[in-house]
Amino acid sequence: MTTATDAAVAQAAALLLRARSGIAFTGAGISVESGIPHFRGQGGLWTKFDPYKVAHIDTFRKDPAQYWTYSLNHRRTDAEPNRAHRALVDLERRGQLRAVITQNTDGLHQKAGSGHVVELHGSSHEVVCLDCDARFPREQVDRMNREHCPPSCPACGGRFLKPTVVLFGEALPVRALRDAQTLAMAADVVLIVGSSLQVYPAAGIPRLAREHGAELCIINAEPTAFDHLAAVAIHGKAGEILPQVVRRITRS
Ligand code: APR
């Protein structure tokens with residue numbers, strides 16, 4: 001018996017098989033099965049923590065210690081890519097995807113082997129000093145943070161060391177945004193995975209692609225703000241659904 005999901009998986013596979021300039025657009029939901037929590041909806045971090053307190057540049061500048069204490073207690077350093085990340089690598093290697101545009105800062109797409117990753121919200125693996133612009137690997141600053149929180153800049157002694165993640169109130173990295181817009185305008189299919197699509201300007205990327213004629217294929221555990229724009233929307237776990245889509249494509 002064919003379930004609704006089977007039919008939707010077949011539709012998603014057919015869409016990707018026809019793709020000549022497909023891209024993926026991912027959010028926190030794709031890393032949930034790697035043990036990294038998402039932000040909104042059921043069990044999201046922002047239902048427990050005030051994003052303004054722990055993830056806004058104004059609060060960071062007022063008191064960097066709050067950010068680094070939160071990091072000390074919550075940062076996952078041992079997370080590994082899951083089946084959903086690996087499925088996107090397969091699709092890229094098969095030519096169904098040209099690139100992965102991500103809102104995630106966890107580096108798991110690169111760790112899984114994705115070749116072309118655009119990080120719209122920066123990376124949690126690099127730290128910059130807001131005073132002297134010196135940059136340091138996160139591991140080095142985490143070590144310092146364990147010894148003395150908040151860590152000070154080894155180059156200028158300043159106390160504003162910040163991961164290159166984009167906090168609320170900050171602009172997106174210009175180059176990444178431009179690359180994402182170029183990919184979106186040329187895309188014929190956008191595979192959206194694990195995002196509530198509520199945060200702009202990032203959510204403007206799949207919208208831009210749609211406005212330029214791309215078909216949207218959404219895989220998300222809960223309904224998203226763009227389901228009505230999608231050719232197919234599948235509500236389920238990315239680590240369960242995406243491998244099914246890849247299997248369907250490899251069988252065809
Ligand atoms: N598989 C698929 N989807 C999942 C899974 C899963 N295993 N687990 C959760 N989800 C869904 C949730 O239902 C939610 O709708 O993933 C979605 C994640 O949405 P958000 O938590 O809003 O994350 P995201 O869209 O990436 O947020 C955008 O907001 O907080 C800021 O900078 C942060 O980059 C982030 C941005």
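Order of appearance sets the numbers: ligands from 1, and atoms from 1 within every ligand. Treat the numbers as computed from the prediction; the structure is a model and nothing was measured.
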Atom pair [atom1]/[atom2] of [X] and [Y] - distance to nearest 0.5 Å:
X	Y	atom1	atom2	answer
I205	L177	CD1	CG	5.5 Å
L108	I30	CG	CD1	9.0 Å
K162	D131	NZ	CG	13.0 Å
L161	W68	CG	CH2	6.5 Å
T59	K53	OG1	NZ	8.5 Å

Quiz prompt | Sidechain N-carboxylate O distance under 4.0 Å for R175, D179 | solution = yes

Quiz item: In terms of side-chain geometry, is the basic nitrogen of K111 or E80 positioned less than 4.0 Å from the acidic oxygen of its partner?
Solution: yes

For [X], is at least one N or O under 3.5 Å away from an N or O on ligand 1?
X	value
G27	no
H38	no
V199	no
K237	no
W46	yes
V166	no

Exercise. Could you list the atoms of ligand 1 found under 4.0 angstrom from a heavy atom of F168?
Key: 30 (O), 31 (C)

Quiz item: Which of the atoms of ligand 1 are close to A221, meaning less than 4.0 Å from one of its heavy atoms?
Solution: 2 (C), 3 (N), 4 (C), 5 (C), 10 (N), 13 (O)

Can you confirm whether the side chains of [X] and [Y] place a donor and an acceptor under 3.5 Å from each other?
X	Y	value
T26	Q103	no
D227	H235	yes
S114	H85	no

What is the nearest protein non-hydrogen atom to [atom], stated with its residue, atom name and distance?
atom	value
atom 19 (O) of ligand 1	S196 N, 3.1 Å
atom 1 (N) of ligand 1	A238 N, 2.9 Å
atom 34 (O) of ligand 1	H121 ND1, 2.8 Å
atom 18 (C) of ligand 1	G194 O, 3.5 Å
atom 33 (C) of ligand 1	F39 CE1, 3.7 Å
atom 25 (O) of ligand 1	S195 OG, 2.7 Å
atom 5 (C) of ligand 1	G29 O, 3.4 Å
atom 13 (O) of ligand 1	E222 OE1, 2.4 Å

Quiz item: What do we get for R40 next to ligand 1 when only non-hydrogen atoms under 4.0 Å count, side chain, backbone, both or neither?
Solution: both

Practice problem: For ligand 1, indicate whether the residue Q103 contacts it via side chain, backbone, both or neither (heavy-atom separation under 4.0 Å). | Solution: both

Practice problem: Answer yes or no for E33: is there a heavy-atom contact with ligand 1 below 4.0 Å? | Solution: yes

Quiz item: Applying a strict 4.0 Å limit to heavy atoms, is G236 in contact with ligand 1?
Solution: yes

Exercise. Kindly confirm or rule out a cation-pi arrangement of R207 over F226, judged by NZ or CZ under 6.0 Å from the six-membered ring centre and within 45° of its axis?
Key: yes

Quiz item: Considering only heavy atoms, which of N82, T26, V32 lies nearest to atom 8 (N) of ligand 1?
Solution: V32

Quiz item: For atom 16 (O) of ligand 1, which candidate among I241, N220, T224 holds the nearest heavy atom?
Solution: N220

Self-check item: Expected output: side-chain N73 to main-chain T69 donor-acceptor under 3.5 Å
Solution: yes

